[in-house]
Amino acid sequence: TAYRRSLELDPYLVAALINLANIHYGRDELAEAQALYERAIGLESDFFEAHFNLGNIYHDLNRFAEAQACYETALRLNPFYADTHFYLAVTLEKMGRSDLARPHWREPERLLELAEWIVVSRPGFSLDGLESLGLTPQQRSRIHLLETVHEDVSATELRQRLRDGDPCNGLILPDVL
């Protein structure tokens, strides 16, 4: 690739290291991406994107303490990048540290005041973890749990039904049609 050629000419091009690491990360080649992000950080320790993306790799590998450290460094370098707050909060939640995660959610108490929430689990995930959020009874009353939502219809089936003249009422939102 052009990035490899650039690095052959100048092995200290941090931007080329980051871009090549991004390619590996996108291909799910985490070990290669990790090595490149770490090399970039070794050359330029205040490169925000390298810390953030390295945190994502550690998160993907369930190495949450390392992900936390990377995200915290990324936040020191760029405190206004919302995705860092989000991924740090998710990581802290997975570590059982809702108390530390809460400040990284954008005005969570205000959101609970303004809206009723429907929380749906994904297959293989439990909703038991809500207890760790430390919600007041009033906040908890505004959250409605659904274990799963399952509509036994595929996109292929919907396309076929539409071709056959079926309006698919109740299966597709009117705005989508």
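Both backbone and side-chain heavy atoms feed into the values below; hydrogens, waters and symmetry mates do not.
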So CG of L88 and SG of C70: to nearest 0.5 Å the spacing works out to 11.0 Å

Quiz item: Would you find more than 12 non-hydrogen atoms of other residues, nucleotides or ligands less than 6.0 Å from Q138 atom CD?
Solution: no

Value for CD (E66) from OH (Y58), rounded to nearest 0.5 Å, stands at 5.0 Å

Can a side-chain donor-acceptor contact be found between E49 and N22 if the only test is distance below 3.5 angstrom? yes

**Message:** Would the distance check show the side chain of H85 and the main-chain N or O of P79 forming a donor-acceptor pair, the cut-off being under 3.5 Å?
**Reply:** yes

By ring pair (Phe, Tyr, Trp, His ring centres under 6.0 Å), F64 pairs with (sequence neighbours left out) H59

Distance col, row E72:CD vs L100:CG, nearest 0.5 angstrom, shows 8.0 Å

Let me check something: any side-chain donor-acceptor pairs from residues 25-36 under 3.5 Å, sequence neighbours excluded? List them with distances.
residue	atom	partner	partner atom	Å
Y25	OH	D60	OD2	2.7
E29	OE1	H24	ND1	2.5
Q34	NE2	E38	OE2	3.0

Does D166 reach the side chain of L162, with side-chain heavy atoms less than 4.5 Å apart?
no

* Tell me yes or no: between the side chains of S98 and E93, is some donor less than 3.5 Å from an acceptor? => yes

Of F47, Y37, Y81, the one forming a ring pair (Phe, Tyr, Trp, His ring centres under 6.0 Å) with F52 is Y81

| task | State, yes or no, whether a side-chain contact exists between N56 and Y71 at a heavy-atom distance under 4.5 Å. | result | yes

inquiry  = For the backbone of I18 and the side chain of R39, can you confirm whether one donor and one acceptor N or O come within less than 3.5 Å of each other?
reply    = no

Residues A101 and A89: closest non-hydrogen pair is CB-O, 3.5 Å

Scanning both residues in full, the closest heavy-atom pair of P11 with L17 reads O-CD1, 4.3 Å

Crowded around R163 CZ? As in, over 12 foreign heavy atoms under 6.0 Å? yes

Surrounding OH of Y87 (heavy atoms of other residues, nucleotides or ligands, distance under 6.0 Å), is the total greater than 12? no

Rounded to the nearest 0.5 angstrom, the CG-CZ distance for L77 and F48 is 8.0 Å

Between the CZ atom in R63 and the OG1 atom in T91, the distance rounded to the nearest 0.5 Å is 13.0 Å

dist R76:CZ -> T84:OG1 (nearest 0.5 Å) comes out at 12.0 Å

